[in-house]
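What you see below is based on every heavy atom in this structure, not just the backbone, and it leaves out hydrogens, waters and symmetry mates.
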Amino acid sequence: MPQKLAQAISRYRKIILIFFDIVVLVAAYILPWIMIQGRIQMELYYPVMVSSCFYFVCCFEITFGLLGMYDSLWRYAEIVEFFRLVVACAIAVVLFVGGSLIIFYQRMVPISVFFLSGLFATSVTLYSRLTYRMYRNTSLQQAGRKRRRRVMVIGAGEAAATLLHEQNRNPDNDMNIICVVDDAPEKVGRSMMGVQIMGTTDKVPELAVQCEIDTIILAIPSLDDENRQRILRFCSQTKCNLRILPDLRQIMIDGGDLSSRIREVRVEDLLGRDTVQLSNRSSALLRGKTVMVTGGGGSIGSELCRQIATYEPAHLIIVDIYENSAYAVQQELLRMYGDKFQLSIEISSVRDTQKVDAIFARHRPDVVFHAAAHKHVPLMEYCPEEAVKNNVCGTYNVATSADKYNVSRFVLVSTDKAVNPTSVMGATKRVCEMIVQAMAQKSKTTFVAVRFGNVLGSNGSVLPLFKEQIAAGGPLTVTHPDIVRYFMTIPEAVSLVLEAGAMGRGGEIFVLDMGKPVKILELAENLIKLAGFIPHEDIEIVFTGLRPGEKLYEELLMDEEGLRQTENKKIFIGSPIRLNKDTFFDHVSNLKEIAYSNNSENLVQALLDVVPTFHHEPVPWEINA
């Protein structure tokens with residue numbers, strides 16, 4: 001029955017509103033007569049009161065109809081609709097007064113009736129609609145309060161005001177904004193659109209408990225990294241889910257509702273590192289050129305392809321052994337760029353000397369970015385021959401072909417694990433750097449290497465693993481409570497690779513100032529908090545011990561490498577180390593021979609001979625880690 005009644009009311013909404021207005025207008029017109037003339041005088045003025053009342057109602061109803069007052073949905077009415085109502089009332093009063101002076105000039109209508117009836121009619125029609133709007137929104141909010149998230153908004157600025165405005169327009173969304181906090185003392189104690197500003201950001205943990213908050217939204221898009229870290233630390237002390245608002249200017253450009261753009265707080269928001277600002281010299285290196293990316297389907301390789309594509313190369317060649325990832329990158333680039341440049345996919349292993357040579361002979365690249373490598377430290381400890389085959393032999397094959405076919409620049413993607421390596425993977429990457437430095441001494445091709453730490457969210461990195469473990473309810477596995485790592489985002493890492501490719505003169509190892517190292521334990525705790533849980537209570541963290549070849553901390557520069565700053569204060573260059581290129585390549589040939597004989601123990605010893613800084617603890621050659 002209530003549903004049928006609601007449907008009937010909705011169907012005859014306009015008729016009901018017209019009838020309501022007629023009753024209101026009649027009451028608004030008669031009331032001034034009673035107030036002014038009194039009961040005794042009313043009998044003398046009764047005929048003119050009735051006829052003028054009819055004319056009064058007609059003036060208002062005709063004006064309302066012509067100005068569309070019965071077409072508005074007053075539940076969603078905004079300021080403009082209420083302003084139009086006041087204008088319509090003013091026009092109706094003018095029509096009534098003008099007409100009354102002509103029609104009822106022999107039976108004068110009291111001037112006070114003109115004033116009071118117009119005032120009463122305008123006030124009652126306006127406030128009745130305003131009351132209806134408030135009642136409907138309030139009742140809907142109360143009805144949905146149990147199923148909606150209780151939200152605290154941080155920041156009483158333009159972004160928060162826009163969010164509150166959207167909430168008022170759409171009370172059916174899943175947010176119930178309970179309170180706002182802001183660090184401006186003059187704002188505390190005041191309110192925004194009926195929501196109280198209850199304190200400063202240091203009160204977030206206390207207010208979250210007091211107001212039973214489920215979700216906290218950081219609504220200060222322009223916040224600097226230092227203050228963002230400070231505020232997020234307060235938020236992480238709660239059990240609430242954390243969200244963040246994007247830049248309002250970008251919303252205006254892209255369109256769409258603000259509430260639909262609220263995103264999760266990412267780990268990089270907590271790291272608080274300024275994005276490295278790079279020059280635009282990469283444009284001259286890549287625009288109109290034939291560019292090859294080995295390992296182009298991987299985390300770094302695929303981002304290299306994306307960023308290279310923005311520089312409008314003539315031809316981009318993606319080389320990868322894994323066809324699924326190469327296909328995914330190909331389809332993404334085709335969607336984004338269509339036929340703006342030629343795109344080729346080569347399914348090949350960099351181990352295959354003849355295939356690598358054939359690819360170079362067919363495409364004749366101008367620039368090569370070599371990102372193909374095995375990178376998992378523990379796995380390579382148990383399969384050192386595979387690390388050498390792929391990393392060392394693969395790099396040598398690609399570098400040799402680059403020299404043979406007169407490639408302009410060759411850029412190796414390296415790692416901080418190559419510095420004083422304790423793992424087979426790190427040692428092989430150090431040999432790769434030595435190949436680059438040795439090739440630079442004898443080739444017309446400009447050979448350079450780029451060395452950086454861990455990248456957030458790359459395939460096989462700790463971040464996706466932690467997220468999977470949180471989704472499974474824990475525990476999170478951390479190897480050691482004191483283990484630290486440098487971190488950067490994938491786009492930053494790739495931008496550095498492109499910058500190095502354009503900046504290098506030959507033989508350099510480019511190093512990024514990656515800021516302060518991050519404790520993996522703190523990273524795990526922050527991820528748990530971001531998911532709305534309490535570390536060590538809701539989700540356990542267990543320490544599994546350092547894995548084979550793993551360090552407590554990583555280094556970015558070797559002692560024997562000189563260090564000089566570039567024009568970019570975040571990028572440094574390790575000076576080239578002089579190598580005996582003739583004897584060195586003999587060592588590379590020896591490594592290849594031992595690797596393909598699959599003699600793991602002899603291979604590790606050979607790596608120790610080639611890389612003097614390699615410190616390795618023996619590992620039993622078995623599958624079980």
Side-chain angles (χ1 to χ4, degrees), residues 141 144-145 147-183 192-193 195-225 227-252 254-272 456-457 463 466-467 470-471 489 523 525-535 538-539:
Q141 289 173 1
R145 189 161 291 170
R147 59 179 174 82
R148 294 162 64 196
R149 293 178 293 156
R150 296 175 65 84
V151 175
M152 174 193 294
V153 175
I154 297 178
E158 182 181 354
T162 304
L163 188 63
L164 285 164
H165 181 70
E166 284 188 5
Q167 157 127 2
N168 289 336
R169 288 180 57 193
N170 182 24
D172 292 330
N173 64 28
D174 67 342
M175 291 193 305
N176 179 24
I177 299 178
I178 303 299
C179 64
V180 178
V181 298
D182 196 281
D183 280 329
M192 295 180 66
M193 300 184 189
V195 178
Q196 188 177 359
I197 303 171
M198 299 184 68
T200 52
T201 54
D202 59 332
K203 301 293 184 184
V204 166
E206 176 184 335
L207 291 172
V209 175
Q210 178 183 329
C211 299
E212 300 179 350
I213 300 298
D214 302 313
T215 301
I216 298 174
I217 298 176
L218 179 57
I220 316 176
S222 59
L223 197 64
D224 60 78
D225 286 326
N227 281 308
R228 182 185 292 111
Q229 281 190 88
R230 177 181 59 83
I231 292 172
L232 289 177
R233 276 197 297 270
F234 289 132
C235 296
S236 65
Q237 296 173 25
T238 71
K239 296 182 179 181
C240 304
N241 290 318
L242 305 184
R243 299 291 184 269
I244 193 166
L245 279 180
D247 192 337
L248 286 180
R249 291 171 295 181
Q250 191 61 43
I251 293 287
M252 294 174 65
D254 297 340
D257 293 335
L258 186 63
S259 57
S260 64
R261 299 297 191 90
I262 297 172
R263 66 169 175 82
E264 293 183 354
V265 176
R266 297 189 286 257
V267 178
E268 47 264 44
D269 295 319
L270 295 174
L271 294 179
L456 287 168
L463 188 59
F466 282 167
K467 288 184 176 180
I470 290 172
T489 65
L523 180 65
E525 290 173 340
N526 283 330
L527 278 171
I528 293 172
K529 292 173 184 176
L530 289 179
F533 301 105
I534 300 177
D538 298 331
I539 293 184

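For the side chain to side chain contact (heavy atoms under 4.5 Å, CB included) with Val153, the lone residue among Leu164, Ile197, Val180 that qualifies is Val180.
With rounding to the nearest 0.5 angstrom, the CD1 atom of Ile216 is 12.5 Å from the CD1 atom of Ile244. The line from CD1 of Ile217 to CG of Leu163 is 5.5 Å long, rounded to the nearest 0.5 Å. In this structure, SG in Cys240 is found 10.5 Å from CG in Leu207, a value given to the nearest 0.5 Å. To the nearest 0.5 angstrom, Ile178 atom CD1 is 7.5 Å from Cys211 atom SG.
Scanning all heavy atoms of the two residues, the minimum distance from Asp182 to Ala156 falls at OD2-N, 2.6 Å. Between Ile231 and Leu218, the shortest heavy-atom contact is CG2-CD1, 4.1 Å. Nearest approach of Cys179 to Val195, heavy atoms of both residues: CA-CG1, 3.6 Å. Summarising the geometry of Met152 relative to Val204, their closest heavy-atom pair is CE-O, 3.9 Å, with the distance given to 0.1 Å.
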Check the pair Lys203 / Val181 against side chain to side chain contact (heavy atoms under 4.5 Å, CB included), numbers first and verdict last.
-> CA-CA 8 Å; Lys203 301 293 184 184; Val181 298; 5.7 Å; no
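For Thr201, the side chain to side chain donor-acceptor pair (under 3.5 Å) partners two or more places apart in sequence, or in a different chain, are Asp183, Arg230.
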